[in-house]
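Step one of this worksheet: look at the structure below.
Counting starts at 1 for both ligands and their atoms, in listed order.
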Amino acid sequence: MPPAYDLVIRNGKIVTAADTFDADVCVRDGRVVALEGHAGPGAREIDATGRLVMPGGIDSHCHIEQMSSAGVVCADDFYSGTVSAAFGGTTTVIPFAAQHRGQSLRQVVRDYHAAAEPKAVVDYAFHLIISDPTEQVLGQELPALIGDGYTSFKIYMTYERLRIADGPLLDILALARRTGALVMVHAENHDMIQWMTERLLEQGLVRPLFHAVSHPRLAESEATNRAISLAELVDVPVLLVHVSAPEAARVIREAQTRGLRIYAETCPQYVMLGADDLDKSGMDGAMFCCSPPPRDAAGQAAIWQGLVNGTFQVFSSDHAPYRFDRTGKLPRGDNTTFKEIANGLPGLETRLPILFSEGVWRGRITVNQFVALGATNHARLYGLYPRKGTIAVGSDADMAIWDPDRRVKLTASLLHDQVGYTPYEGVELTGWPVTVISRGRIVVDQGKLHATRGSGQFLKCAQAEAAKPLGRVVPELATVRRFSDRPLF
Ligand code: DUC
Ligand code: ZN
Ligand code: ZN
């Protein structure tokens, strides 16, 4: 008799966002087909005694093989990026297909597919980045792409070459409302940043530390409040990405408490790093420059609080990998001013180990919250659930088997990205993913890669429940309804 299953993971403790229980996981044709005690034989078996068997992580914010608006190309392509993700326990990534001004969105998506398909080793979907909301883009390309499975997109309120002013942002939000897409917002007040930057440069204050000074918390909280107000006017959910400032977290919490569908994401750098890291000697502070910047110890505590109390639904890496040289972080070497430093940190591989160690091992969050923040909520928000983000009969067999006691000291040479440094050099963590499985295939086992280039698959995202409007009409629009049958937008 042939074995009943392709793969059986025995004796592990299964952890989902909702539950923790003992069972064997039985896999056939890439899917979980049974969760039971004393399962029948598998063609391949893994003994997970003493281990946690968790859904493979989903990283819904990472930049891979992307060119920044300043023309700097990421250090990671879809091979190194997804290999690095897999070693860190992540089996699905959602990077961006990023439009620059003047580009056709459709062509941008084709280009990212051409880059990802031959290289990715884990599954991937795409968010879009909209920087040029022309009539053609908003009238045709974007609605068609949303229908084709690209159901979320990011917009920037800052960066000269990317930013969307409030008027076009309202157009975009109205379009999202009509089409059921989820809008992700980079919320920082552009003029505050630019004005601060000019004042600092005038005084010759150019060191990396001044990147943090030029991006004040107020710039983040003001724009966050504005983004939420615009979304409330249109009655459409939005997701605030990479939240770093306690004041912004407070604005989000308050909107959520009022019952609005406002979602939020934070990232490892905002619980692990501080603005003082940007004050390292020479140019070393540039290794920690990202936008928004890391804040301070009180800010880290506030972000932890938001992770614990549910203000943040997702913990993503915002992996934006730039090498510490002229090809990346430092286009003018030691003469690079803070304004010219490429913005972003690597983090695909360290995201989940940091959340596990600093969150679960230190007792800040439960292991079920860990799964929700690292996998399940990403799948729910972006229309991949229940295929991804959980361990359940019928779901893809994407799992990471964690040794909860494994001690690891982070160092750049341990990691598999192409960045050459880690902002977490020397950090000691407890808990590590030892075996990583994607659709029943062993991708990583005991520190070795087993997946081949191009074995990852593209995932179409459904329109998520999370993106649905609440049906709340602001009073002024209620007035319009008395005089007109036609919706205003
Ligand atoms: N925003 C991101 O999402 N990533 C890197 C830099 C930035 O501003
Ligand atoms: Zn951003
Ligand atoms: Zn980003």
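- The nearest heavy-atom contact from the protein to atom 4 (N) of ligand 1 is Asp318 OD1, 2.9 Å.
- Between Phe96 and His63, the ring planes lie parallel to each other; the angle is under 30°, not in the 30° to 60° tilted range.
- At least one donor-acceptor pair under 3.5 Å links the side chain of Thr266 to the backbone N or O of Val243.
- The Zn ion (ligand 3) has an N, O or S atom of His61 inside 2.8 Å of it.
- The atoms of ligand 1 that sit less than 4.0 Å from any heavy atom of His242 are 1 (N), 2 (C), 3 (O).
- With hydrogens and angles left out, the side-chain atoms of His61 and Ser316 include no donor and acceptor closer than 3.5 Å.
- Distances below 4.0 Å separate heavy atoms of His63 from the following atoms of ligand 1: 2 (C), 3 (O), 4 (N).
- Looking only at heavy atoms of the protein, atom 8 (O) of ligand 1 is closest to Tyr159 OH, 2.5 Å.
- For His127 and Tyr150, the distance between ring centers is not under 6.0 angstrom.
- Judged by distance alone, the side chains of Gln107 and Asp111 do bring a donor and an acceptor atom under 3.5 Å apart.
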Side-chain polar contacts of residues 231-242 - donor-acceptor pairs under 3.5 angstrom, sequence neighbours left out - could you list them?
| unit_1 | atom_1 | unit_2 | atom_2 | d |
| --- | --- | --- | --- | --- |
| Glu232 | OE1 | Arg258 | NH1 | 3.4 |
| Glu232 | OE1 | Arg258 | NH2 | 3.0 |
| Glu232 | OE2 | Arg258 | NH1 | 3.0 |
| Asp235 | OD1 | Leu470 | N | 3.2 |
| Asp235 | OD2 | Arg177 | NH2 | 3.1 |
| Asp235 | OD2 | Gly471 | N | 2.8 |
| Asp235 | OD2 | Arg472 | N | 3.1 |
| His242 | NE2 | His186 | ND1 | 3.0 |

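- For the side chain to side chain donor-acceptor pair (under 3.5 Å) criterion with Lys280, the lone passing option out of Asp276, Asp277, Asp284 is Asp277.
- Note on the Zn ion (ligand 2): protein N/O/S atoms under 2.8 Å are Lys154 NZ, His186 ND1, His242 NE2.
- At least one heavy atom of His61 sits less than 4.0 Å from an atom of ligand 1.
- Not counting sequence neighbours, the partners of Asp123 by the salt bridge (Lys or Arg N to Asp or Glu O under 4.0 Å) test are Lys388, Arg439.
- The nearest protein atom to atom 3 (O) of ligand 1, hydrogens excluded, is given as Lys154 NZ, 2.5 Å; this is a heavy-atom distance.
- When the heavy-atom distances from atom 1 (N) of ligand 1 to His319, Gln66, His186 are ranked, the shortest goes to His186.
- In this structure, Glu220 pairs ionically with Arg295, as a charged nitrogen and a carboxylate oxygen lie closer than 4.0 Å.
- When the side-chain contact (heavy atoms from CB on, under 4.5 Å) test is applied to Ala467, the partners found at least two apart in sequence or on another chain are Leu182.
- Close approach to Ser291 involves these atoms of ligand 1, each under 4.0 Å from a residue heavy atom: 1 (N), 7 (C), 8 (O).
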